[in-house]
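Worksheet: the structure to be examined is printed underneath.
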Amino acid sequence: MAEKASESSNSISLNTVDGKIFKVSPTIANQMQTIQSLIKAYDSSRVISLPHVNAFHLSKIIEYLEGKSATTVSAVKEFEAQFMKDLSLKQLKGLLIAVGYLKVNELLELMPKTVAKLIENKSVEFLRKFFGIVNDFTPSEEAKIREEIAWAFDGVDED
Amino acid sequence: MPGKRRKKLKLLNDTITDSRRTATEVKNEKLELQTWSDLPVELLELIFSRLTLDNNIRASAVCKSWNSVATAVRVLNQSPWLMYFPKFGDCYDFYDPVQRNTYSLQLPELSGSRVCYTKDDTIRVSSGMTGENKTLLKTYGLNHHRTSLGSHEEF
C-alpha cells in the first residue's frame with residue numbers, strides 16, 4: 001500500500017520509531033489529525049518523524065483508513081469487525097496508543113468500543129487477569145469500594 | 001579476575017556497537033511495555049465512557065488508575081431510577097429504565113421511616129411517627145448512581 005501511494009508526487013513521508021519510512025497520500029495523512037497539523041505547520045516535502053508509533057501500528061492504521069472506504073455500510077462494518085478481530089490484546093493496546101497519538105478519529109470511536117466490549121459483564125478478578133493489571137489497592141481500600149457498590153458486583157459472566 | 005575484566009570490556013564493546021539499534025529498540029519496547037493500567041487518561045476515558053454503570057463500577061475496582069478515570073466519567077445525568085418500597089423487610093429494589101435492570105439494596109436504616117422528598121443526590125426521610133430524627137440519606141445522586149445509600153448522616 002505504501003508503494004502505491006508513493007506514485008503520487010505529493011505523497012507525505014512518515015518515519016516510524018523503528019526507522020521505517022511510509023509514504024502516504026494526502027487523503028490518508030489528513031485523516032490523522034496530528035499529521036494534518038504538522039503538514040500545515042511545516043513544508044510537506046519534509047519527512048515527519050513519529051516518536052510514538054512503530055511500523056506495525058502505522059501499517060495497521062493505513063490499512064484501516066484504506067479499507068474502510070468500502071462502498072456499503074455493511075461492507076464497512078464487516079471490514080471493521082475483521083480488522084479488530086485480527087488484533088491480539090497486546091496489539092490492540094499498542095495500536096490504541098498510536099491512534100490516540102495520531103488522533104485518527106474513526107479509530108478513536110471503534111477501538112474504545114471494542115475494549116469496552118471486553119470489559120462488559122466481567123468480574124474484577126477476571127479483568128485484572130485478562131488485562132494483566134496488578135491490584136494496587138490496599139485490602140481495606142478495595143473492601144470499601146466493594147462495600148459501597150456491592151450491587152454492581154453480582155451478575156457477571158463466569159470467569 | 002583478568003578474565004572477568006575482559007568479559008566486561010567485551011560487553012561494553014557490544015553495547016557501543018549496538019547502541020544505535022538498541023536506542024530505537026528501547027523506545028519501541030517502552031511502547032510495548034505500557035500496561036492497560038497506565039494507558040493515557042484520554043484513552044481510558046473514551047473506553048470507560050462507553051460502559052454502563054455496573055460495568056463502570058466493576059472497572060473502578062480493578063486498580064487505582066482505572067478507578068480515578070471510571071469515577072470521573074460516570075454519567076451524571078442518567079435518567080432517574082424507580083425506587084420500590086418493600087411491604088416487609090428492608091430490601092429495596094431500584095429499577096433502571098434505561099438498562100431495564102433491577103438492583104436490590106439492603107437498607108435496614110430505612111426501617112420504619114418515611115421518605116419526605118428527594119432532591120438532587122439526597123433522599124430525606126423521617127423516622128418514627130413524630131417525624132423526629134430527620135435523616136438525609138446521601139446517595140451518589142438520585143439522578144445518577146444512588147449506590148451508597150448505606151452511608152447517611154444526621155440532618
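Just so you know, these numbers come straight off a predicted model, no measurement behind them. Below, chains carry the letters A, B, ... as their sequence lines are ordered, and counting in each starts from 1.
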Using a 4.5 angstrom heavy-atom cutoff, name the option from [options] with the most pairs to chain B.
options: A/M111, A/E141, A/K113; answer: A/K113
options: A/E142, A/E109, A/Q91, A/K117; answer: A/E109
options: A/L108, A/I145, A/V124; answer: A/V124

Contact origin within B/L46 toward chain A - heavy atom pairs under 4.5 Å: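 Both the backbone and the side chain of B/L46 come within 4.5 Å of chain A.
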Pair A/K68 + A/E80, salt bridge at N-O below 4.0 Å: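 Judged by the 4.0 Å cut-off on N to carboxylate O distance, A/K68 and A/E80 do not form a salt bridge.
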A/F126 six-ring centre to A/K129 NZ/CZ under 6.0 Å and within 45° of normal: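 Negative - A/K129 is either too far from the ring of A/F126 or too far off its axis.
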Ring center gap for A/F137 and B/W66 short of 6.0 angstrom: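 Ring-ring flag for A/F137/B/W66: false, centres at least 6.0 Å apart.
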Output field: ring centroids B/Y84/B/F94 closer than 6.0 Å: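 No, the ring of B/Y84 stays outside the 6.0 Å limit from the ring of B/F94, centre to centre.
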Toward chain B, the part of A/V134 with a non-hydrogen atom under 4.5 Å: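 Contact with chain B involves the backbone of A/V134 alone.
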Part of A/I133 within contact of chain B (heavy atom distance under 4.5 Å):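 When you check distances to chain B, only side chain atoms of A/I133 fall under 4.5 Å.
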A/E78 atom CD: more than 12 heavy-atom contacts under 6.0 Å: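 At most 12 heavy atoms, drawn from other residues, nucleotides or ligands, come within 6.0 Å of this atom.
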